[in-house]
Amino acid sequence: MCLFCKIIEGDIPSNKELEDENFLAFHDINPKAPVHLLVIPKNHVDSFNEVGPDMMASATSFIQKLVKKVNIDKSGYRVITNIGDNGGQEVKHLHFHILGGSKLKWGHFTDADTKGSF
Ligand code: 5GP
Ligand code: ZN
């Protein structure tokens with residue numbers, strides 16, 4: 001079972017912020033901003049490459065509810081999902097980073113070698 005599936009099962013503790021039947025939001029253990037939440041589907045999906053449109057539609061509603069709950073909807077925030085090796089995905093369970101609570105620099109998670117190849 002992957003790390004985030006263990007968090008869903010409660011085998012690994014997490015600081016939960018919001019959940020419904022399909023998603024769980026909890027605080028990142030190593031926050032990169034004053035608010036740094038992770039939103040994960042309760043059904044394991046490896047990455048954004050595998051997610052279907054129905055799950056994305058419900059993820060959108062869940063994230064909109066979450067950012068209102070933690071009061072960053074008006075001040076602004078960033079939604080990021082890292083995919084695969086070049087994207088810097090360390091946990092192979094789809095997750096959305098929700099970053100806010102201060103003015104974010106453009107550079108968070110985006111540093112890249114512009115001459116790189118794929
Ligand atoms: P990725 O690099 O895969 O996009 O993001 C994985 C995120 O999960 C990282 O920001 C990391 O700090 C977070 N993380 C890893 N292990 C744990 C954990 O056990 N608990 C929590 N709350 N966050 C974790
Ligand atoms: Zn998983």
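The shown structure was predicted, so the numbers you read here are calculated from the model rather than taken from an experiment.
Residue F23 comes nearest to S58 through the heavy atom pair CE1-OG, 3.4 Å, listed as atom of the first residue, atom of the second, then distance. Across all their heavy atoms, I83 and S47 have their closest contact at CG2-OG, 3.9 Å. Taking each heavy atom of E17 and H27 in turn, the nearest pair found is OE1-NE2, 2.8 Å. When all heavy atoms of M55 and N43 are compared, the closest pair comes out as CE-O, 4.2 Å. Considering all non-hydrogen atoms of both residues, I72 and G101 come closest at CG2-N, 4.0 Å. Closest non-hydrogen pair, S102 versus P34, comes out as OG-CD, 3.3 Å.
Remark: N49 CG is packed, more than 12 non-hydrogen atoms of other residues, nucleotides or ligands lying under 6.0 Å away. More than 12 non-hydrogen atoms from other residues, nucleotides or ligands lie less than 6.0 angstrom from CG of D11. Counting heavy atoms of neighbouring residues, nucleotides and ligands inside a 6.0 Å radius, atom NZ of K65 does not exceed 12 of them. Within 6.0 Å of atom CG in D46, more than 12 heavy atoms from other residues, nucleotides or ligands are found, so the atom counts as buried in its surroundings.
Atom CG of L38 is separated from atom CG of N15 by 11.0 Å, given to the nearest 0.5 angstrom. If you take CD1 on I98 and CZ on R78, they are separated by 12.0 Å, rounding to the nearest 0.5 Å. Atom CD1 in I7 sits 10.0 Å away from atom SG in C5 (nearest 0.5 Å). Distance check, rounded to the nearest 0.5 Å: CD1 of I8 to CE of M1 gives 9.0 Å. Distance check: I40 CD1 to E19 CD gives 9.5 Å after rounding to the nearest 0.5 Å. Atom NE2 of H44 and atom NZ of K92 lie 10.5 Å apart (nearest 0.5 Å).
In the hydrophobic clustering of ILVMFWY residues, with side-chain heavy atoms under 4.5 Å counting as a link, I80 and I63 come out apart. Two different hydrophobic clusters hold V91 and F96 under the rule that ILVMFWY side chains link at heavy-atom gaps under 4.5 Å. If you chain together hydrophobic residues whose side chains sit under 4.5 Å apart, Y77 and F26 never meet in one group. Connection of L3 to L94 is not established within any shared hydrophobic cluster, with ILVMFWY side chains joined at heavy-atom distances below 4.5 Å, either directly or through further cluster members. The cluster map of Ile, Leu, Val, Met, Phe, Trp and Tyr, joined by side-chain heavy atoms under 4.5 Å apart, puts L66 and L24 in different clusters.
By the 4.5 Å heavy-atom criterion applied to side chains, K42 and N22 are not counted as neighbours.
For an aromatic pair to be called close, the ring centres must be under 6.0 Å apart, and H97 with H95 satisfies this.
By the side-chain contact (heavy atoms from CB on, under 4.5 Å) test, E90 is found to be paired with no residue, residues two or more places apart in sequence or in another chain being considered.
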